[in-house]
**Student:** 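I have a structure here, written as structure tokens, and I will follow up with some questions on it.
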Protein chains: 2
Amino acid sequence: MSRVIGRLAAPPTLADVAELAGVSRQTVSNAVNNPDLLREDTLARVQAAIEELGYQPNRAARSLRTRSSRLIGLRIPPVQEGTANALIDRFVHALVDTSADAGYHILLFPGEAGDPVAGYDELLRSTAVDAFIVTDTLQGDSVSSWLRSRRAPFVAFGRPWENPEGATHPWVDIDSAAGAALATEHLIEKGHTRIAWIGWRREHLVGEERRSGWSRAMHAHSLPTTGLASRVEDTIASGRAATAALLNEAAPTAFVCASDTLALGVLHELHARGLRPGEDIAVTGFDDSIAAQTVPPGLTSVRQPLEDAAAELVKALEGLQGPVGSPEGILLQPTLVARGSS
Amino acid sequence: MSRVIGRLAAPPTLADVAELAGVSRQTVSNAVNNPDLLREDTLARVQAAIEELGYQPNRAARSLRTRSSRLIGLRIPPVQEGTANALIDRFVHALVDTSADAGYHILLFPGEAGDPVAGYDELLRSTAVDAFIVTDTLQGDSVSSWLRSRRAPFVAFGRPWENPEGATHPWVDIDSAAGAALATEHLIEKGHTRIAWIGWRREHLVGEERRSGWSRAMHAHSLPTTGLASRVEDTIASGRAATAALLNEAAPTAFVCASDTLALGVLHELHARGLRPGEDIAVTGFDDSIAAQTVPPGLTSVRQPLEDAAAELVKALEGLQGPVGSPEGILLQPTLVARGSS
DNA sequence: CGAGCCTGTTGGATCGATCCAGACTTCGAT
DNA sequence: ATCGAAGTCTGGATCGATCCAACAGGCTCG
């Protein structure tokens with residue numbers, strides 16, 4: 001029974017189980033995939049044989065026949081130096097856990113800088129994955145439209161900004177305007193009136209979205225916004241520079257930032273000026289990164305519900321296999337984690 | 001030529017290419033796998049056909065026949081709250097990049113808390129992966145020995161502590177004693193003489209390893225170590241508590257920590273006491289995490305060469321497929337990244 | 001000039017699980 | 001006693017790439 005090829009004992013096959021249980025291969029296959037087709041005693045006998053041999057279906061064979069690998073492709077974008085943003089990592093954790101519950105595994109592939117589509121293309125042609133989860137919709141939706149043109153099944157974490165209403169694929173996103181508003185309201189509640197915004201460049205649609213949450217909350221309380229906003233690169237250094245400029249020119253008592261990276265830039269400038277975050281100046285970030293959780297005295301930050309997002313994405317993915325309904329978009333609400341910095 | 005099944009255009013097969021090029025399937029297969037077996041003009045003709053159809057071998061079929069999936073399994077351990085340690089994430093990035101160069105993809109599976117072996121077992125039985133990379137050798141080597149008993153091919157990131165000399169599998173590790181010594185020497189050079197150690201509990205063999213680097217460097221310069229060491233849990237809270245105790249009782253001017261998490265604990269306590277890191281008290285961490293890179297004024301930390309480690313692991317993995325030599329262990333040297341905290 | 005060798009190519013078998021069509025059993029209804 | 005239908009179970013074909021044994025055609029060499 002235990003054939004040995006090289007160093008590795010060959011796992012038992014369906015035929016082995018069938019022989020042991022005294023039934024045909026098809027019956028074993030049914031026992032695994034359609035148990036209710038079998039008579040009770042036959043099922044029990046087959047299951048005992050499966051148990052005894054420790055049988056599991058060979059993935060390659062099953063995948064060849066069914067044209068489905070139960071694998072989901074996820075592109076890992078290149079690491080960006082000088083940022084605190086490890087959102088993708090938390091997302092990967094959440095996704096691995098939830099997709100395992102649904103019987104999927106996550107296949108990672110590198111995001112080559114040159115051709116963003118290369119990795120997708122290879123996996124698609126070789127039918128290595130059943131679907132993709134696309135996370136980099138920030139950059140403009142070139143990947144989405146390419147996948148669509150290839151008729152590849154995928155769901156996106158992030159709105160299709162080009163065409164928010166009539167999306168042709170399911171997506172899940174976080175209502176980040178609401179998140180920024182949450183942070184702003186929180187500071188207003190603490191008594192701040194001159195609350196500055198540090199965000200991303202105008203090209204970044206998500207950045208503009210978040211900024212609108214800040215300005216909406218400010219206007220709702222009739223607070224001034226003029227001269228209190230700046231738009232910079234998403235790095236600690238530029239966050240720090242923006243903070244210096246705003247402190248000198250607009251005298252804010254609080255900062256709402258579009259990312260933890262920028263908020264850390266604020267903390268750096270405060271540190272350099274001997275100002276105490278949370279006492280002299282309040283700061284909030286976005287993403288609830290590890291850095292936000294650990295930096296003294298703790299950075300108040302908007303937390304994206306990545307676990308929920310992952311669950312919704314996997315659910316949408318399963319919907320893809322079925323009938324072609326109109327693709328759905330889901331917007332999840334973030335929460336605010338208050339810490340020492342506010 | 002473009003058969004359409006459901007919504008997905010079926011990719012071309014080897015037979016399609018053969019027909020277009022006017023050769024047999026075997027010849028196409030050779031063009032892909034053993035190009036030097038073909039005459040030059042035939043090869044060119046086949047390659048043109050491959051190009052035209054955008055052919056890539058079906059992974060499931062190839063995998064079924066060759067019994068090799070070109071996938072590497074990696075277990076993602078559950079996230080630990082209250083820690084700054086996202087070493088695994090940086091490692092995943094490095095591994096995805098280097099393994100892609102070698103033609104492998106990374107398959108992630110969740111580390112269920114209950115049975116650490118469950119995920120491995122499933123993938124092994126279903127022949128889903130060619131090999132594993134094991135990262136959690138800290139916990140005692142139960143996974144390694146289980147994999148060994150199942151004759152599963154794997155390499156470890158981390159020494160086999162039970163049996164460092166006569167390892168039965170290849171491993172790659174970082175010389176973390178040298179790393180701690182590096183940090184200690186750095187502080188001695190800056191003029192510090194009372195340098196405290198905050199490390200992990202004695203059961204953690206890696207922790208003891210790092211501690212020995214500190215004490216060795218101290219002894220080499222005839223500096224005192226008595227009363228200057230403490231061993232605690234790897235959390236920010238306990239790092240902070242240890243700092244408070246050491247400051248009160250032993251009056252150190254610098255702290256060497258076994259992890260960035262502990263070092264952040266030190267920063268928290270300094271912050272609470274109004275002491276300035278890098279000016280009043282020096283601090284070093286371990287792992288060069290994102291938190292270390294971003295916390296003001298920057299945390300000096302020992303950086304593990306994860307990119308090199310990933311490359312060595314993939315190299316070792318390829319060695320596994322070949323003849324059974326004596327498994328090799330590789331020890332890499334870390335570097336020190338000096339920042340504002342020292 | 002034919003044996004022997006190399007190169008390039010061929011059809012058929014194979015990997016392991018699932019799909020398909022058909023056969024056999026059981027059982028209530030006529 | 002016969003029939004049909006539902007419920008069980010079976011052998012053969014199939015997914016696509018690779019392995020295998022064998023075979024043309026061109027070449028050298030005795």
Side-chain angles (χ1 to χ4, degrees), chain A residues 1 3 5-6 8-47 49-50 53-70 103 124-128 130, chain B residues 3 5-6 8-47 49-50 53-70 124-128 130:
Chain A
M1 195 56 60
R3 298 170 277 152
I5 296 180
L8 203 68
T13 71
L14 216 155
D16 294 332
V17 178
E19 193 183 357
L20 180 61
V23 295
S24 71
R25 290 165 320 171
Q26 180 62 43
T27 304
V28 179
S29 176
N30 283 338
V32 174
N33 300 308
N34 302 82
D36 39 330
L37 285 182
L38 298 199
R39 207 171 38 199
E40 209 171 305
D41 59 333
T42 316
L43 180 59
R45 196 152 39 99
V46 174
Q47 280 175 338
I50 288 176
L53 294 178
Y55 168 78
Q56 289 226 185
N58 180 306
R59 276 183 100 97
R62 167 178 276 185
S63 168
L64 174 60
R65 194 63 180 91
T66 64
R67 299 166 169 281
S68 132
S69 61
R70 314 267 337 153
L124 199 55
R125 285 187 202 283
S126 58
T127 62
D130 287 353
Chain B
R3 297 171 278 153
I5 297 181
L8 201 69
T13 70
L14 213 150
D16 295 331
V17 177
E19 193 184 355
L20 179 62
V23 295
S24 71
R25 292 168 323 187
Q26 178 66 39
T27 304
V28 180
S29 176
N30 283 338
V32 174
N33 300 307
N34 302 83
D36 39 331
L37 285 183
L38 298 197
R39 207 171 37 199
E40 210 171 302
D41 59 331
T42 316
L43 180 59
R45 194 154 37 100
V46 175
Q47 280 174 339
I50 288 176
L53 295 178
Y55 169 77
Q56 287 228 181
N58 180 306
R59 274 182 101 96
R62 170 179 272 185
S63 169
L64 174 61
R65 192 64 179 93
T66 64
R67 301 168 167 283
S68 133
S69 62
R70 314 267 337 152
L124 200 54
R125 284 187 203 283
S126 59
T127 61
D130 287 353

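The sequence lines fix the lettering, A, B, ..., with proteins before strands; numbering per chain opens at 1. Owing to the predicted nature of the structure, the values given are computational and were not obtained by experimental measurement.
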**Student:** What's the CG-P distance between A:N34 and C:dA17, to the nearest Å?
**Tutor:**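 So the two atoms are 16 Å apart, to the nearest Å.
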
**Student:** Say whether, by atom type as modelled, one donor and one acceptor occur between the side chain of B:T127 and the main chain of A:N58 under 3.5 angstrom.
**Tutor:**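 Checked: no pair found.
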
**Student:** Output one line per pair: protein atom, nucleotide atom from nucleotides 7-14 of chain D, and distance, for all N/O pairs under 3.5 Å.
**Tutor:**
residue: D:dC9; atom: OP1; partner: A:R39; partner atom: NH2; Å: 3.3
residue: D:dC9; atom: OP1; partner: A:T42; partner atom: OG1; Å: 2.5
residue: D:dC9; atom: OP2; partner: A:R39; partner atom: N; Å: 3.4
residue: D:dT10; atom: OP2; partner: A:S24; partner atom: N; Å: 2.9
residue: D:dT10; atom: OP2; partner: A:S24; partner atom: OG; Å: 3.1
residue: D:dT10; atom: OP2; partner: A:T27; partner atom: OG1; Å: 2.7
residue: D:dG12; atom: N7; partner: A:R25; partner atom: NH2; Å: 3.2
residue: D:dG12; atom: O6; partner: A:R25; partner atom: NH2; Å: 3.2
residue: D:dT14; atom: O2; partner: A:R65; partner atom: NE; Å: 2.8

**Student:** What is the distance, to the nearest angstrom, from the CZ atom on A:R59 to the C1' atom on C:dA17?
**Tutor:**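 Distance check: A:R59 CZ to C:dA17 C1' gives 14 Å.
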
**Student:** Any side-chain heavy atom of B:L20 sitting closer than 4.5 Å to one from B:V17?
**Tutor:**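 No; the side chains remain at least 4.5 Å from each other.
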
**Student:** Should B:S29 be listed as having a side-chain N or O under 4.0 Å from OP1 or OP2 of D:dT18?
**Tutor:**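 Yes, B:S29 has a side-chain N/O under 4.0 Å of OP1/OP2 on D:dT18.
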
**Student:** Between A:T66 (side chain only) and A:R62 (backbone N and O only), is there a donor and an acceptor less than 3.5 Å apart?
**Tutor:**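 Indeed, once roles are kept as given, a pair shorter than 3.5 Å links the two residues.
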
**Student:** Please confirm whether the backbone N or O of B:A21 pairs with a side-chain atom of B:R45, one donor and one acceptor, at under 3.5 Å?
**Tutor:**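 A pair under 3.5 Å: yes.
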
**Student:** So, taking the atom named CG in B:L37 and the one named CD in B:Q26, what distance separates them when rounded to the nearest 0.5 Å?
**Tutor:**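 So the gap between those two atoms works out to 9.0 Å.
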
**Student:** Rounding to a whole Å, what distance do you find between A:L14:CG and C:dC15:P?
**Tutor:**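 For the pair A:L14 CG and C:dC15 P, the rounded distance is 14 Å.
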
**Student:** Minimum heavy-atom separation for A:T13 to A:Y55, with atom names?
**Tutor:**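 Closest pair (atom of A:T13, atom of A:Y55, distance): C-CE1, 3.6 Å.
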
**Student:** Enter the inter-axis angle for the ends of the helix from C:dC1-D:dG30 to C:dT30-D:dA1 (five pairs per end, rounded to 10°).
**Tutor:**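 Computed from the C1' atoms at both ends, the axes differ by 60°.
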
**Student:** Taking atom C1' of D:dG16 as reference, at what distance in whole Å does atom CZ of A:R62 sit?
**Tutor:**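 Checked: the CZ to C1' distance equals 18 Å.
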
**Student:** Just verifying a value: how many Å separate B:I50 CD1 and B:L43 CG, rounded to the nearest 0.5 Å?
**Tutor:**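 The CG atom of B:L43 is 8.5 Å from CD1 of B:I50, to the nearest 0.5 Å.
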
**Student:** With sequence neighbours left out, what residues match A:S24 under side-chain hydrogen bond (donor to acceptor under 3.5 Å, both in side chains)?
**Tutor:**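 Only A:T27 meet the side-chain hydrogen bond (donor to acceptor under 3.5 Å, both in side chains) criterion with A:S24.
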
**Student:** Using OP1 and OP2 only, check whether a side-chain N or O of A:N58 sits under 4.0 Å from C:dC15.
**Tutor:**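 False: A:N58 side-chain N/O out of range (4.0 Å or more) of C:dC15 OP1/OP2.
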
**Student:** About how many Å separate CD of B:Q47 and OG1 of B:T42, when rounded to the nearest 0.5 Å?
**Tutor:**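 B:T42 OG1 to B:Q47 CD: 11.0 Å, rounded to 0.5 Å.
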
**Student:** Closest approach to the side chain of A:R67, judged atom by atom: which nucleotide of C:dT18, D:dG16, D:dA17 is it?
**Tutor:**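 The closest nucleotide is D:dG16.
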
**Student:** Between C:dG16 and A:Y55, is there an OP1 or OP2 to side-chain N/O distance shorter than 4.0 Å?
**Tutor:**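 No, A:Y55 has no side-chain N/O under 4.0 Å of OP1/OP2 on C:dG16.
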
